[in-house]
Protein chains: 2
Amino acid sequence: MREITHLVARFREAGLKITPQRLSICHLLKDDRTHPSAEEIYHKALEIHPSISFTTVYKTLQTLRELGEIQELNVDPERVHYDPEVRDHAHFFCQSCKSLVDLEMDPLNAWMMADLFPQVEDMEVHHTQIHMVGLCPKCRDKKPEA
Amino acid sequence: MREITHLVARFREAGLKITPQRLSICHLLKDDRTHPSAEEIYHKALEIHPSISFTTVYKTLQTLRELGEIQELNVDPERVHYDPEVRDHAHFFCQSCKSLVDLEMDPLNAWMMADLFPQVEDMEVHHTQIHMVGLCPKCRDKKPEA
DNA sequence: GTTGGTGCAAATAGTTTGCACAGTT
DNA sequence: AACTGTGCAAACTATTTGCACCAAC
């Protein structure tokens, strides 16, 4: 997700209006590395706009996704999470505490990915999601099993 | 997913009963490389057991997942898909026709994955999902854009 | 006979939409 | 003024559960 000024320009180009709600949602997303769900973004937005609706949040997220400014993550079977970082990178999802953290991937490796899967030569790949699922250190220690 | 005889043994060990419905679902899954959804499996099962319920299919899928005989794929935001192949491998999901195909990955590369993400050393990784999302050759040609 | 399974129907929850009014341009 | 965005409420859909009866063991 790019600078707010850039987002504003993109909204204008697309004939979309700049509303306080949208701006707030953009600001909220920009600094959030926690991969929030729509619901979580809605609750944070409520603190700024006590009368904002979930619908507005939802539609804004759709808009930002269509503009390619955020990406949706489908790791958590229970809900979609949103990520302001659109460059391909990996994620670790903890099945216990549901936390979702970035896994850095150096550009060289990212570039190598396509080579690992020669079959995708025929496909038009829009994005790649690499998800590791399991238990984070905290949750692993909580459940010592036996 | 292993041989049916092996599955039967595992059911017994776990104190689970061998019912015709379960056996049929296992057979259906075993030969299916299309990554069906629960609904699709249900419809195939209906042809064998005209009175089978979605609930039974659903619960059997849960059981097989708990036994580690199948894995759930979270690529399609609209529904969960099931895969009888539990070894780590990648998938390509077509956003247009919703097809989901396997991307082979040689064992060496699979093994390398962990090295690409040093951060996961602290995590207990249960499984890895690599998803490439975009358009398959057919759908790409259908939408020539401009 | 005991225990777990099946199937029906209803509940749950995340997501999506229709529409009237309000705000941006 | 024109047109898009907002917010409410309702619809939708995949998923999950409670429970009475049935079947495997």
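Protein chains get the first letters and strands the later ones, always in sequence-line order, with residue 1 at the start of each.
- Salt bridge A:Lys44/A:Asp32: present, at least one basic N to carboxylate O contact under 4.0 Å.
- Contacts of A:Pro20 with the nucleic acid, taken as non-hydrogen atoms under 4.0 Å apart, involve only primed sugar atoms and P, OP1 or OP2.
- A residue-by-residue look at B:Lys17 and B:Arg79 shows that B:Arg79 has its nearest nucleotide of DNA chain D further toward the 5' end.
- The NZ atom of A:Lys98 sits 9.0 Å away from atom NE2 of A:His81, with the distance rounded to the nearest 0.5 Å.
- Closest approach of A:Arg33 and A:Pro84 over heavy atoms only: NH2-CG, 3.4 Å.
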Problem set entry | Verdict with supporting geometry, B:Glu3 and B:Lys30, side-chain contact (heavy atoms from CB on, under 4.5 Å) | CA-CA 8 Å; B:Glu3 293 306 318; B:Lys30 189 144 192 24; 3.9 Å; yes

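- D:dT6 atom C1' lies 15 Å from atom CG of A:Leu23, rounded to whole Å.
- The separation between A:Asp76 atom CG and C:dA13 atom P is 15 Å, rounded to whole Å.
- Secondary-structure annotation of DNA chain C gives the stems C:1-25 with D:1-25, with a stem taken as at least 3 successive Watson-Crick or G-U pairs whose two distances both fall under 3.5 Å.
- Side-chain contacts under 4.5 Å among hydrophobic residues (ILVMFWY), followed directly or transitively, place B:Leu61 together with B:Met1, B:Ile4, B:Leu7, B:Val8, B:Phe11, B:Leu16, B:Ile18, B:Leu23, B:Ile25, B:Leu29, B:Ile41, B:Tyr42, B:Leu46, B:Ile52, B:Phe54, B:Val57, B:Tyr58, B:Leu64, B:Leu67, B:Ile70, B:Val80, B:Tyr82.
- Using a 4.0 Å cut-off between a side-chain N of Lys or Arg and a carboxylate O of Asp or Glu, B:Glu69 and B:Arg10 qualify as a salt bridge.
- Rounded to whole Å, the distance from CD on A:Glu72 to P on C:dG14 is 16 Å.
- Taking atom CG on A:Leu16 and atom C1' on C:dG23, their separation rounds to 15 Å, with Å as the unit.
- For B:Arg22, a side-chain nitrogen or oxygen approaches OP1 or OP2 of C:dG5 to under 4.0 Å.
- For A:Glu39 and A:Arg79, the salt-bridge test fails: no basic side-chain N is under 4.0 Å from an acidic carboxylate O.
- With D:dC25, D:dT4, D:dA24 as the choices, the nucleotide that has an atom nearest any side-chain atom of B:Thr19 turns out to be D:dA24.
- Applying a 4.0 Å cut-off to non-hydrogen atoms, the residues of residues 36-62 of chain B that approach DNA chain D are B:Phe54, B:Thr55, B:Tyr58, B:Lys59, B:Gln62, listed by residue number.
- Side chain of A:Arg22 to main chain of A:Thr60: no donor-acceptor pair is present (N/O by atom type, distance under 3.5 Å, no hydrogens or angles).
- Residues B:His81 and B:Arg12 both approach DNA chain D. Their nearest nucleotides, taken by heavy-atom distance, put B:His81 toward the 5′ side.
- Remark: C1' of D:dT16 and CD of A:Glu78 are 11 Å apart, rounded to the nearest angstrom.
- More than 12 heavy atoms of other shown residues, nucleotides or ligands fall within 6.0 angstrom of atom CD in B:Glu66.
- Atoms CD1 (B:Ile18) and P (C:dG5) sit 10 Å apart, rounded to a whole Å.
- Here the P atom of nucleotide D:dA14 and the CG atom of A:Asn74 are 15 Å apart, to the nearest Å.
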